[in-house]
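Quick notes on the structure that follows.
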Amino acid sequence: MRRTLAPVSDLQSKTRYEPADAEPRIMERWLDAGIGAGEAAPGEPAYAIAIPPPNVTGALHMGHALNGSIQDVLIRYHRMLGERTEWILGTDHAGIATQTQVEKRLVTEGTSREAIGREAFVERVWDWRGEFGGTIIGQFKRLGASADYDRERFTLDADYHQAVLKVFVDLFDQGLIYRDNYMVNWDPGSRSAISDLEVEDREVTDTLYSIAYPLADGSGEIVVATVRPETMLADTAVAVNPSDERFAHLIGQTVILPLVGRELPVIGDDYVKTDFGTGCLKITPGHDPNDFEIGRRHGLDELSAIGEDGLMTGLVPEYAGLTVAQAQERVVAALRDQGLIRAAEPYLHTVPFSHRSGERIEPLISLQWFMAMDELAAPAIAAVRDGRVRIHPESQSRRYIDWLENIRPWCISRQLWWGHRIPVWYRDGETYVGLQAPDGAGWEQDPDVLDTWFSSALWPFATLGWPDETPMLRTFYPTAVLSTARDILFLWVARMVMMGLRFAGDVPFRDVYVHSVIQAPDGRRMSKSLGTGIDPLELIAGGPRPPVFAEGGDFPAYGADAVRFGLLAMSSSQDVRFSEEKVHQGRALANKLFNATRFVLSRVPEGARPDPRPQTVEDRWILSRLQQVVGDARRRIDAFEFAPLALGLYDFVYGDLCDWYLELVKGREFDDDLSATLLYVLRETLALAHPVIPFVTEELWAALPGGGDAAPLLATAAYPVADRARRDPDAEARIADVIATVTAVRAWRNEAGVRPGLVLPARLLADGYGQTASLVARIARIDLEAGAAGAQDAAVVLPVPGGTVELLAGDAVDPEEQARKREARRAELQAEIARAEGKLANAGFIAKAPPELVAAERDKLDRLHADLAAL
RNA sequence: GGGCGGUUAGCUCAGCUGGUCAGAGCGCCUGCCUUACAAGCAGGAGGUCCCCGGUUCGAGCCCGGGACUGCCCACCA
C-alpha cells in the first residue's frame, strides 16, 4: 500500500491547519487502502448501511451532507470496532426528474423526446447519466464518506433490473399486482400518473359557482356548487344526503344537465354534507376522487371530459380540444346566458399540484397498474410494533403505523420512457407477464415504466445481489441502520420494509434513524429556487454566501471536517436552522487538535511511544477524563445522539485537554513517562474524534510516533475502549479544586487590573493541594515561596475550595476595588446560605428527600459558612 | 379536521428517568501577539426557562388550560 508520509514539516512551520491541502490527499489514501470495501463473510458480525440513493443527476445538498455525515460516523465507528462494514453506495435513476432534465436539454437542441423516439431517447438519458451521473458520487468523496465506491450501484443496472422484474412477476403471480381503470393523480406536466405522495397541496383562490340544474319534470331546480364548472360536462348524477329533509324527497327524480341535456339521476349518499355548499353535490366520477368513489357505489357511468393531454375530449363536441381554462370560461358564459348561475364567489381552498412538474393535478380515470398493499402492509406494521425495526425518534413509529394502516392501492405505472419497463406484453386480447418477452410474433410490450419507488423499495437487498443468495447478501442483509429525513418515511422506508419482508425474508434494517431537516438561516425551507439553499461544497471549499445570510462575503474554506462537525452539532430530531457558527466551531476544533499535536510533538523526545504512565495527579486526571469521554462517545453513537457527540468532543479537547492538561504539564520536564502519557492521550483523542472529523485526525495520526504501529491508517485502527479502572475520583476532585482556585485568582487579577505577566507573592492556605500547589502557582502566576517568606499582611483574601488564597499584592491592589469585591462576594455567599438554610429548615425536605441529598446540603452550608468566615 | 413537535441569554440551540440546570457556540465588554494555536488566551456582562393554574418537601423538567409557531396527514363540492 502506498504510504504518503505526513507532512511533518507543516506541523513545524504552520500554525493553522489547512484542510484544503490535506483532505483530498487523505481521501486518496483511504481509497487506495480500500477502507470502504466490504468483504463478505457470511455468519460473521457485520454492519451495513444502504445509502438513500441520490438522484443520479443530482448535486449534493445540505440534506445529503448531513445524512452522509451521520452514516459515515456510524460506518467509521463500527469499522473501528472491528466489524465488517459495508456502506452501500449508488444512485437512483429517478424516472421523472431525470427524464425531465434530458427533455429540457433536447428542447435546447431544437428537438424533442417524441421526435427522436423512445429508443434514441433512452440512449440519450444513458449518455446524460454517463456525463453527469458521477458528480454526486465525487461530492460524497469530498465529504469524506467512506462508502464502498468499488461497488457503486445504480437502480437500472442489469442485475438490479432483473431483481425488479422478478418482484413484479412474482407479485403479479400472487395476485397483488393488477391492471385497472382507476382514478389517478394525472400530472399534465409530465403526462404521467403520479402517486399521492408526489402531490403537494397549495392554497388557491378559485371561484365557487352555484349552478342550477332544472328538474326533469319542470317542478323546480337543484343548485349545486363547484369550483370546476367545466367538469359538469361529465356529470352523471346529482347527490344529496338522504337524511337531509330539504332534498331527500328528490331522490329518485332526475335533473337535466344544462348545456348537455343529459338526464341525471338524483341519488342519496351519506358523503354529502348537509351543512356545506348548497347541500347538493354534482357527481363527476371521471374527474373527482370522491365522486369516483360515489359513482362506484352507485354504479354510475364514468365519463371523461378531460383527456390525458389536459385538453377537453370529444365528450361534448363543441368543447373538444379546448384547454381546461378555456372550457371553464365557455361553460360559465353559456350558463350565464341561460341564467343558471345562481352565485359566483371567490373561494380559497387547497388544490393538488405535482411535486415534480409543478402543474395542477388533473384527477382522471386511467388504465394503470396497481399494487394491492394490505397484505404487504400488515407484516410491515408488525415489524415495527414488535421492535424488529426500531424507529428513532420513537414518535415517528406512530406516523409510520398510521400510514400503513390506512394504505391504499399503489399506482405503480408511469407514462415515462426512463425506467424499468413493465414486463407485460399484449397481443390481441392476450396478456403475458414474464421476465422475458414471450415467444411468437406480434407481442407488444406495455409502454409504461414502473414508479421509481418500486425499484427503490428493493434497494437494501437488490444491491447485494438478490435474488441470488450471494455471499454479500448473506453477510450484510439485513442492514443495520437506515438514516433518512422524515419526508421519505412513507415514500421509501415503509416500502422497503414491505418488500424486504416479502422477498428477502427479513426486515431490511434494524434501526431507522430519522434526522432533522436543516432549514435556511431565516427559517425558510432550503431551496435552490427560493435562493435559500446553501451548497455544502461551498462551505467546504469556500464560496460566496447566499443572500439568506445577513452578512455577505465568502465562506472561508472550512473544510469537510468542519462541515461534518457543524452539521452534526446542529442536528437534532427536530428541524433546525442552519448555523454557520457550528461549522466555525468545527474548524476551530480541527485547528485546535492540529496545534495541540504540534505542541506535543515539539516537546516529546525522539523515540517516545504512546503509553499511559501516570506520574502525577494531573496525569491520572486526564486519563480519568478520557475514560469518561470515551464512554460518552460510544453511548452517544449507539443512541444516534450526534449533536452531543460532536459537542462533547469539542468540550473535551478544548476544556480538559488543551485549556488544562496541556497547560498543567508545561512546567514539567518532558521525560519518557510524561511523553508516553501525552502521546497516549493524544492518540486516543484522535481515534475518539475520528468518526466525526476523519481528515484532520487521520492527518495527525500519521505524524504521531507509534501511531502507525497500531494500524497504518487511523480509519482502520481500533476505537478507544472506556477502561473503568482508570476512573479516578480522587484525581478528579484534586484537579477540580485546582481549576476553581486558578480561575478565582485569574478573575481577581483581571478585575483588579494586575499586569498579566506579573507574578504575585501569595499564600495558599487551604487543604487538599499537597501535590497541586505548584501547579496552581505556576498557572495562576503567584509565587508561594515569596508569599511564605513575606511578612506583610494579606492584601487580598480569595475564598477557594478548601480554604483561601492570600495575595500579597502590594501596589497591584486597589483597596477600594478590593473592598467592593469582597462585599459583593459576601452578599453572594449570604444569599446562598439563606437558600441552603431555607431548604434545611423545611421539614418536608428533611423527611422526604433522599438522605444523601440532605447531607450534601448540610456540607454545602458548612462550606459556605467557612468561606464567609474566611472573607 | 386530525396527529406530532417547538416556545430557555442579542442569535442558533443543549438541558437524560423532577433535587448545584440555569448551560454551549457565536455576538458583546475588558485585558493580553504569555515560546501549540490571535481561527488564540484570560476574565466579564446578559435569562420572570411563553402565560395561568395544579401535583410535589422541591418543577424549564410532571399534569390541566391557554397563546404563539413549525411540520405531517386528510376527499368537504
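This structure is a prediction, so every number in the text was calculated from the model and none was measured. First the proteins, then the strands, lettered A, B, ... as listed; each starts at 1.
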Please list, chain by chain and in numerical order, all residues satisfying side chain to side chain donor-acceptor pair (under 3.5 Å) with A/Asp235, sequence neighbours excluded.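 Per chain and number, A/Asp235 pairs via side chain to side chain donor-acceptor pair (under 3.5 Å) with A/Tyr213, A/Lys282, A/Thr284.
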Let me have a per-nucleotide readout for nucleotides 9-17 of chain B, 5' to 3', with B, S or -, counting only protein heavy atoms under 4.0 Å. ---BSS---
Protein heavy-atom contacts under 4.0 Å, written 5' to 3' over nucleotides 35-46 of chain B as B (base), S (sugar-phosphate only) or - (none), form the string -BB-BSSBSS--
Could one point to a donor on the side chain of A/Tyr271 or the base of B/C76 with an acceptor on the other under 3.5 Å away?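 Counting by modelled atom types and ignoring angles, no donor-acceptor contact under 3.5 Å is found here.
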Under the rule for salt bridge (Lys or Arg N to Asp or Glu O under 4.0 Å), what residues qualify as partners of [X], not counting sequence neighbours?
| X | answer |
| --- | --- |
| A/Arg746 | none |
| A/Lys582 | none |
| A/Arg246 | A/Asp244 |
| A/Asp522 | A/Arg524 |

d([atom1], [X]; [atom2], [N]) in whole Å:
| X | N | atom1 | atom2 | answer |
| --- | --- | --- | --- | --- |
| A/Asp487 | B/G70 | CG | C1' | 15 Å |
| A/Arg524 | B/C71 | CZ | C1' | 17 Å |
| A/Ile283 | B/C76 | CD1 | C1' | 12 Å |
| A/Lys273 | B/A74 | NZ | C1' | 12 Å |
| A/Met526 | B/G70 | CE | P | 18 Å |
| A/Tyr213 | B/A77 | OH | C1' | 11 Å |
| A/Ile407 | B/C73 | CD1 | C1' | 14 Å |
| A/Phe642 | B/A24 | CZ | P | 25 Å |

Nearest listed nucleotide, side chain of A/Gln585, among B/A24, B/C71, B/G19: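 Within the option list, the nearest is B/A24.
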Check every atom of B/A77, B/C4, B/C75 against the side chain of A/Asn290 and return the nucleotide holding the closest atom.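 Nearest listed nucleotide: B/C75.
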Rounded distance in Å between the [atom1] positions of [N] and [M]:
| N | M | atom1 | answer |
| --- | --- | --- | --- |
| B/U69 | B/C32 | C1' | 45 Å |
| B/C16 | B/G70 | C1' | 25 Å |
| B/A9 | B/C33 | P | 36 Å |
| B/G5 | B/G15 | P | 15 Å |
| B/A42 | B/C49 | C1' | 29 Å |
| B/U12 | B/G18 | P | 29 Å |
| B/G27 | B/G66 | P | 42 Å |
| B/C62 | B/C4 | P | 15 Å |

Aromatic rings A/Phe594 and A/Tyr17: how do their planes relate, parallel, tilted or perpendicular, breaks at 30° and 60°?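 The rings of A/Phe594 and A/Tyr17 sit tilted, inter-plane angle from 30° to 60°.
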Pairing string, 5' to 3', for RNA chain B - Watson-Crick or wobble contacts under 3.5 Å, brackets [ ] where pairs cross, | to another strand: (((((((..((((.....[...)))).(((((.......))))).....(((((..]....))))))))))))....
Which residue lies toward the 5' end of RNA chain B, A/Ser395 or A/Gly523, if each is placed at its nearest nucleotide?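 In this pair, the answer is A/Ser395.
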Find which nucleotide of RNA chain B each of A/Ile846 and A/Arg486 is nearest to by heavy atoms, and output the residue with the more 5' nucleotide.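 Of the two residues, A/Ile846 wins.
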May I have the step-by-step check of salt bridge (charged side-chain N to carboxylate O under 4.0 Å, His left out) for A/Glu663 and A/Arg778, ending in yes or no? CA-CA 10 Å; A/Glu663 293 303 324; A/Arg778 192 172 48 75; 5.8 Å; no
What is the nucleic acid contact for A/Phe565, judged by heavy atoms within less than 4.0 Å: base, sugar-phosphate only, or nothing?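 The residue A/Phe565 makes no contact with any strand.
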Determine the contact category for A/Arg398: base if any of its heavy atoms lies under 4.0 Å from a base atom, sugar-phosphate if only primed atoms, P, OP1 or OP2 are that close, otherwise nothing.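 The answer is sugar-phosphate, as A/Arg398 gets under 4.0 Å only of primed atoms, P, OP1 or OP2.
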Quick one: list whatever passes side chain to side chain contact (heavy atoms under 4.5 Å, CB included) with [X], sequence neighbours left out.
| X | value |
| --- | --- |
| A/Val272 | A/Ala239, A/Asn241, A/Leu281 |
| A/Arg16 | A/Glu18, A/Asn591 |
| A/Asn290 | A/Tyr271, A/Asp288 |

Let me have the donor-acceptor pairs involving side chains of residues 637-657 of chain A, under 3.5 Å, with sequence neighbours excluded, atom names and distances please.
unit_1   : atom_1 : unit_2   : atom_2 : d
A/Tyr654 : OH     : A/Ala588 : O      : 3.4
A/Asp656 : OD2    : A/Arg625 : NE     : 2.9
A/Asp656 : OD2    : A/Arg625 : NH2    : 3.3

Under 3.5 Å donor-acceptor, A/Arg598 side chain and A/Lys14 backbone: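 Present.
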For B/G31, does the O4'-C1'-N9-C4 (purine) or O4'-C1'-N1-C2 (pyrimidine) torsion place it in syn, i.e. within 90° of 0, or in anti?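 Anti, angle beyond 90° from zero.
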Just checking, A/Lys666 and A/Phe599: is the charged tip under 6.0 Å from the six-membered ring centre and within 45° of the axis?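 Output yes; distance and angle both within limits.
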State whether A/Arg781 places a side-chain N or O below 4.0 Å from either non-bridging phosphate oxygen (OP1 or OP2) of B/U34.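 No, A/Arg781 has no side-chain N/O under 4.0 Å of OP1/OP2 on B/U34.
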Heavy-atom count around A/Arg525 CZ within 6.0 Å, excluding the residue itself: above 12?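 It does not: A/Arg525 CZ has 12 such atoms or fewer within range.
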